[in-house]
Amino acid sequence: MLTVFEALVDPNRRRILDLLRERPRLVGELVDTLEITQPGVSKHLRLLREVGLVDVRQDAQRRWYELRLEPLAELNDWLEPYRQIMEERFERLDNILKDLQAKENTDDEA
């Protein structure tokens, strides 16, 4: 079985999630927008359902696919420490650049 991370590797599945972020959609809408065959879209939707990123709701003959945010919230929680590391590095870089600018301004005044 695929994990959420493995499901997100595929660009077509990420595009499907981007579209479902806007609103629930029918398979036909996804096929038209993505320019992928209906069996291809259905395969991606099945995998996204298996990892819990997508729910399907039956409405008579139609199936509406919608985004589930809970697995993404878990992913976001897992990524948070890495975001903090990146922010610290950007802050250090920003301090270095400010120091260089201050030194350059001092040199220009002399």
Side-chain angles (χ1 to χ4, degrees):
M1 183 166 173
L2 227 57
T3 66
V4 171
F5 290 104
E6 292 167 321
L8 294 174
V9 167
D10 187 278
N12 288 316
R13 289 193 284 269
R14 290 194 310 269
R15 289 174 59 206
I16 289 170
L17 293 176
D18 288 342
L19 291 168
L20 295 179
R21 185 181 63 215
E22 297 169 2
R23 63 181 170 79
R25 295 180 187 262
L26 300 167
V27 173
E29 290 179 75
L30 295 169
V31 169
D32 293 343
T33 304
L34 298 170
E35 298 177 351
I36 301 173
T37 64
Q38 188 275 329
V41 170
S42 292
K43 177 185 172 187
H44 289 303
L45 287 168
R46 180 179 50 80
L47 293 170
L48 290 169
R49 276 195 341 262
E50 285 177 5
V51 299
L53 288 168
V54 171
D55 270 338
V56 62
R57 178 174 39 92
Q58 189 82 28
D59 178 24
Q61 295 285 336
R62 304 183 313 180
R63 290 178 161 214
W64 290 93
Y65 290 87
E66 49 196 341
L67 181 64
R68 286 192 68 242
L69 295 176
E70 295 83 3
L72 295 173
E74 291 174 25
L75 180 62
N76 184 55
D77 291 345
W78 183 82
L79 287 170
E80 184 57 33
Y82 297 96
R83 257 190 230 104
Q84 290 174 0
I85 292 169
M86 288 173 48
E87 286 178 21
E88 289 168 6
R89 289 182 181 176
F90 285 134
E91 190 173 316
R92 283 198 308 257
L93 177 60
D94 190 45
N95 289 337
I96 290 169
L97 292 173
K98 286 178 183 175
D99 289 346
L100 287 172
Q101 284 178 330
K103 184 177 187 255
E104 188 176 285
N105 289 341
T106 304
D107 290 345
D108 287 345
E109 292 174 3

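By convention here, the first residue in the shown sequence is residue 1.
- Atom CG of Leu69 sits about 10.0 Å away from atom CG of Leu17, to the nearest 0.5 Å.
- Among residue pairs with one or both ends in residues 73-107, those qualifying as ring pair (Phe, Tyr, Trp, His ring centres under 6.0 Å) are Phe5-Trp78, Trp78-Tyr82; sequence neighbours excluded.
- Residue pairs meeting the ring pair (Phe, Tyr, Trp, His ring centres under 6.0 Å) criterion with at least one partner in residues 34-71, sequence neighbours excluded, do not occur; the list is empty.
- When all heavy atoms are compared, the tightest approach of Arg14 to Leu8 is NH1-O, 2.8 Å.
- Applying the salt bridge (Lys or Arg N to Asp or Glu O under 4.0 Å) rule to Glu74 yields no partners; only residues at least two apart in sequence or on another chain are considered.
- Between Asp10 atom CG and Leu2 atom CG the span is 9.5 Å, to the nearest 0.5 Å.
- For Arg46, the side-chain hydrogen bond (donor to acceptor under 3.5 Å, both in side chains) partners are Glu50, not counting sequence neighbours.
- Residues passing the salt bridge (Lys or Arg N to Asp or Glu O under 4.0 Å) test with Arg62, sequence neighbours excluded: Asp59.
- With sequence neighbours excluded, the residues satisfying salt bridge (Lys or Arg N to Asp or Glu O under 4.0 Å) with Glu80 are Arg83.
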The test is side chain to side chain contact (heavy atoms under 4.5 Å, CB included); show your working for Leu34 and Asn12 and say whether it passes. CA-CA 8 Å; Leu34 298 170; Asn12 288 316; 5.5 Å; no

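- Note on residues 85-96: pairs passing salt bridge (Lys or Arg N to Asp or Glu O under 4.0 Å), not counting sequence neighbours, are Asp94-Lys98.
- Closest heavy-atom contact between Val31 and Gln38: CG2-CA, 3.6 Å.
- Under a hydrophobic clustering in which Ile, Leu, Val, Met, Phe, Trp and Tyr are joined whenever their side-chain heavy atoms come within less than 4.5 Å, directly or via other members, Leu53 and Leu26 fall into different clusters.
- In this structure Arg63 satisfies the side-chain hydrogen bond (donor to acceptor under 3.5 Å, both in side chains) test together with Gln58, sequence neighbours excluded.
- In this structure the side chain of Glu66 never reaches within 4.5 angstrom of the side chain of Leu20, judged on heavy atoms.
- Leu45 places a side-chain heavy atom less than 4.5 Å from the side chain of Leu30.
- For Glu104, the side-chain hydrogen bond (donor to acceptor under 3.5 Å, both in side chains) criterion is met by no residue, not counting sequence neighbours.
- Of the charged side-chain nitrogens involved, at least one lies within less than 4.0 Å of a carboxylate oxygen, so that Asp18 and Arg21 count as a salt-bridged pair.
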Worked verdict on Leu48 versus Leu67 for side chain to side chain contact (heavy atoms under 4.5 Å, CB included): CA-CA 9 Å; Leu48 290 169; Leu67 181 64; over 6 Å; no

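- With sequence neighbours left out, Asp55 forms a salt bridge (Lys or Arg N to Asp or Glu O under 4.0 Å) with Arg68.
- By the 4.5 Å side-chain criterion applied to Ile, Leu, Val, Met, Phe, Trp and Tyr, Val9 is assigned to no cluster and stands alone.
- Counting all heavy atoms, side chain and backbone alike, Pro71 lies closest to Gly52 at CG-O, 3.2 Å.
- Applying the side-chain hydrogen bond (donor to acceptor under 3.5 Å, both in side chains) criterion to Glu22, with sequence neighbours excluded, gives Arg25.
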Side chain to side chain contact (heavy atoms under 4.5 Å, CB included) for Arg13 and Val51? Distances and angles first, verdict last. CA-CA 12 Å; Arg13 289 193 284 269; Val51 299; over 6 Å; no

